[in-house]
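Start at 1 and go down the list; that is how both ligands and their atoms are numbered. Heavy-atom basis, side chains included; hydrogens, waters and symmetry copies ignored.
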Amino acid sequence: MKLEEAILRFGREKRNDPSSGAGRLVVFTNGCFDLLHPGHIRGLEQAHQLGNVLIVGLNSDRSVRQLKGPTRPVIPEAERAEILSALESVDAVVIFDEPTPREVISRLLPDVLVKGGDWPGDQIVGREEVEAAGGRVVSLPFVPGYSTSAILEKIREGFAKKPRLRGQRASRADS
Ligand SMILES: Nc1ncnc2c1ncn2[C@@H]1O[C@H](COP(=O)(O)OP(=O)(O)OP(=O)(O)O)[C@@H](O)[C@H]1O
Ligand SMILES: O=P(O)(O)O[C@@H]1O[C@H]([C@H](O)CO)[C@@H](O)[C@H](O)[C@@H]1O
């Protein structure tokens with residue numbers, strides 16, 4: 001979804017308009033969401049439970065590369081957005097190209113801004129803007145043992161031990 005559409009549908013003006021089903025709490029979270037894992041899924045489900053609508057700000061491929069290096073993301077932005085959009089807990093996905101979601105958050109002004117516990121509270125971008133508009137910021141519990149980097153490392157280690165020819169599927173006997 002384009003930011004402009006998200007603002008039209010879920011922006012503060014829309015929420016303050018009695019004819020638009022006022023009282024809908026808009027929750028926002030953001031991330032790269034490259035190779036989803038249970039930490040992502042649980043965090044998104046918990047985020048959605050904090051309001052009525054969950055909008056996810058998704059870093060574009062260019063933004064992910066700036067943050068996590070030239071080998072990332074593994075999954076292109078359109079497919080990351082498709083995967084997130086398929087989750088019942090996610091109502092809209094807005095891709096942003098900047099290094100941080102500050103612009104998106106400033107324009108959407110969600111009622112609740114959420115980040116996982118891997119981010120210290122004072123480093124959550126958008127905190128000031130959301131709180132100044134009367135919203136709140138929630139840091140969700142981190143689920144230990146899950147990260148996209150760890151998944152990628154496990155894959156790299158596996159291939160390092162038993163490299164396979166391109167296109168060759170391992171038989172059960174190989175494993
Ligand atoms: N294990 C986890 N438990 C709870 N939340 C998580 C966990 N891992 C990531 N998140 C949250 O998911 C969102 C997206 O994070 P991100 O895509 O960077 O995942 P990641 O697994 O940390 O990736 P990477 O290892 O590439 O940094 C962020 O809000 C982050 O706080
Ligand atoms: O997937 P990540 O690395 O958890 O997401 C990043 O979060 C940053 C965070 O919101 C800073 O408070 C954000 O600035 C960055 O663009 C990524 O979304």
Please report the C-alpha distance between T29 and L44 in whole Å, then the side-chain angles of each, then the deciding distance to 0.1 Å, and finally whether the side-chain contact (heavy atoms from CB on, under 4.5 Å) criterion is met. CA-CA 8 Å; T29 191; L44 291 168; 3.8 Å; yes
closest protein heavy atom to atom 27 (O) of ligand 1 is K68 NZ, 2.7 Å
Per-residue contact class, D118 against ligand 1 - non-hydrogen pairs under 4.0 Å: side chain
Numbered in order shown, the ligand 1 atoms found under 4.0 Å of a heavy atom of W119 are 31 (O)
Run the salt-bridge test on D61 and R72 with the 4.0 Å N-O cut-off and return the result as yes or no. no
Nearest candidate to atom 26 (O) of ligand 1, where distance is taken over non-hydrogen atoms, out of K115, R72, R80: R72
How far is atom 25 (O) of ligand 1 from the closest protein heavy atom, and which atom is that? S149 OG, 2.6 Å
Which segment of L140 sits under 4.0 Å of ligand 1 when only heavy atoms are counted: neither
Salt bridge (charged side-chain N to carboxylate O under 4.0 Å, His left out) evaluation trace for E131 with R136: CA-CA 6 Å; E131 291 178 341; R136 66 189 181 107; over 6 Å; no
Parallel, tilted or perpendicular for F33 and H40, by the 30°/60° rule? tilted
Note: ligand 1 atoms sitting under 4.0 Å from heavy atoms of S147 are 21 (O), 25 (O)
Considering non-hydrogen atoms of the protein only, which is the closest contact for atom 1 (N) of ligand 1, and what is the distance? V143 O, 2.8 Å
Looking only at protein heavy atoms, what sits closest to atom 16 (P) of ligand 1 is H40 NE2, 3.6 Å
for atom 5 (N) of ligand 1, nearest protein heavy atom and its distance come out as G39 O, 3.7 Å
With the criterion set at N/O pairs under 3.5 Å, what does the list of contacts between the protein and ligand 2 look like, atom names and distances included?
from, atom 1, to, atom 2, distance (Å)
ligand 2, 1 (O), C32, N, 2.9
ligand 2, 3 (O), K68, NZ, 3.4
ligand 2, 4 (O), K115, NZ, 3.2
ligand 2, 4 (O), W119, NE1, 2.9
ligand 2, 5 (O), K115, NZ, 3.2
ligand 2, 7 (O), N30, ND2, 3.4
ligand 2, 7 (O), K115, NZ, 2.9
ligand 2, 10 (O), N30, ND2, 2.9
ligand 2, 12 (O), Q123, O, 2.5
ligand 2, 12 (O), V125, N, 2.7
ligand 2, 16 (O), N59, ND2, 2.9
ligand 2, 16 (O), P99, O, 2.7
ligand 2, 18 (O), N30, ND2, 3.0
ligand 2, 18 (O), N59, OD1, 2.6

Is L35 in contact with ligand 1, taking contact as a heavy-atom separation below 4.0 Å? no
Any donor-acceptor pair under 3.5 Å linking the side chain of T148 with the backbone of L35? yes
When clusters are formed by joining ILVMFWY residues with side-chain heavy atoms under 4.5 Å apart, either directly or through shared neighbours, do V53 and V104 land in the same one? yes
Consider every N or O of F33 and every N or O of ligand 1, then say whether any pair is closer than 3.5 Å. yes
Per-atom contacts, ligand 1 versus G116 - under 4.0 Å to a heavy atom: 29 (O), 31 (O)
Please report which non-hydrogen protein atom sits nearest to atom 2 (C) of ligand 1, along with the residue it belongs to and the distance in Å to one decimal place. F142 CE1, 3.2 Å
Could you say whether the N/O atoms of G31 and ligand 1 ever approach to under 3.5 Å? no
Please report whether ligand 1 has a polar contact with T148, defined as an N or O pair separated by less than 3.5 Å (distance criterion only). yes
Between D91 and I55, is there a donor-acceptor pair closer than 3.5 Å when you use the side chain of the first and the backbone of the second? no
Below the 3.5 angstrom mark, is there an N/O of T29, backbone or side chain, next to an N/O of ligand 1? no
State the atoms of ligand 1, each with its element, that fall below the 4.0 Å cut-off from a heavy-atom position in C32. 17 (O)
Can you tell me which portion of P141 lies within the under-4.0 Å heavy-atom range of ligand 1? Options are side chain, backbone, both, or neither. backbone
Kindly compute the distance separating CZ (R127) from OG (S139), expressed to the nearest 0.5 Å. 8.5 Å
Would you say the side-chain atoms of K115 pair up with the backbone N or O of N30, donor to acceptor, closer than 3.5 Å? yes
In the protein, what heavy atom is nearest to atom 8 (N) of ligand 1, and what distance, to one decimal place, separates them? H37 CE1, 3.3 Å
Shared hydrophobic cluster for L87 and L140 (ILVMFWY, side-chain gaps under 4.5 Å): yes
Going through the checks in order, is the side-chain contact (heavy atoms from CB on, under 4.5 Å) test met by I105 and F28? CA-CA 8 Å; I105 293 170; F28 180 92; 3.5 Å; yes
Can you tell me if R42 contacts ligand 1 (heavy atom of the residue under 4.0 Å from the ligand)? no
Are I41 and L54 grouped together when hydrophobic residues (ILVMFWY) are joined by side-chain heavy atoms under 4.5 angstrom apart? yes
Establish whether L3 and L113 are linked, either directly or via other cluster members, by ILVMFWY side-chain heavy-atom contacts under 4.5 Å. yes
If Ile, Leu, Val, Met, Phe, Trp and Tyr residues are connected whenever their side-chain heavy atoms lie under 4.5 Å apart, and connections chain through other members, are V130 and V26 in the same group? yes
Can you name the atoms of ligand 1, numbered from 1 with element, that are less than 4.0 Å from a heavy atom of N30? 28 (C), 29 (O)
Is it the case that the side chain of R102 and the backbone of V125 share a donor-acceptor pair, with hydrogens and angles ignored and the cut-off at 3.5 Å? no
Please assess M1 against F10 for the test side-chain contact (heavy atoms from CB on, under 4.5 Å), listing each intermediate value before the final yes or no. CA-CA 12 Å; M1 181 181 290; F10 306 112; 4.1 Å; yes
Can a salt bridge be assigned to the pair E157 and K154 using a cut-off of 4.0 Å between side-chain N and carboxylate O? no
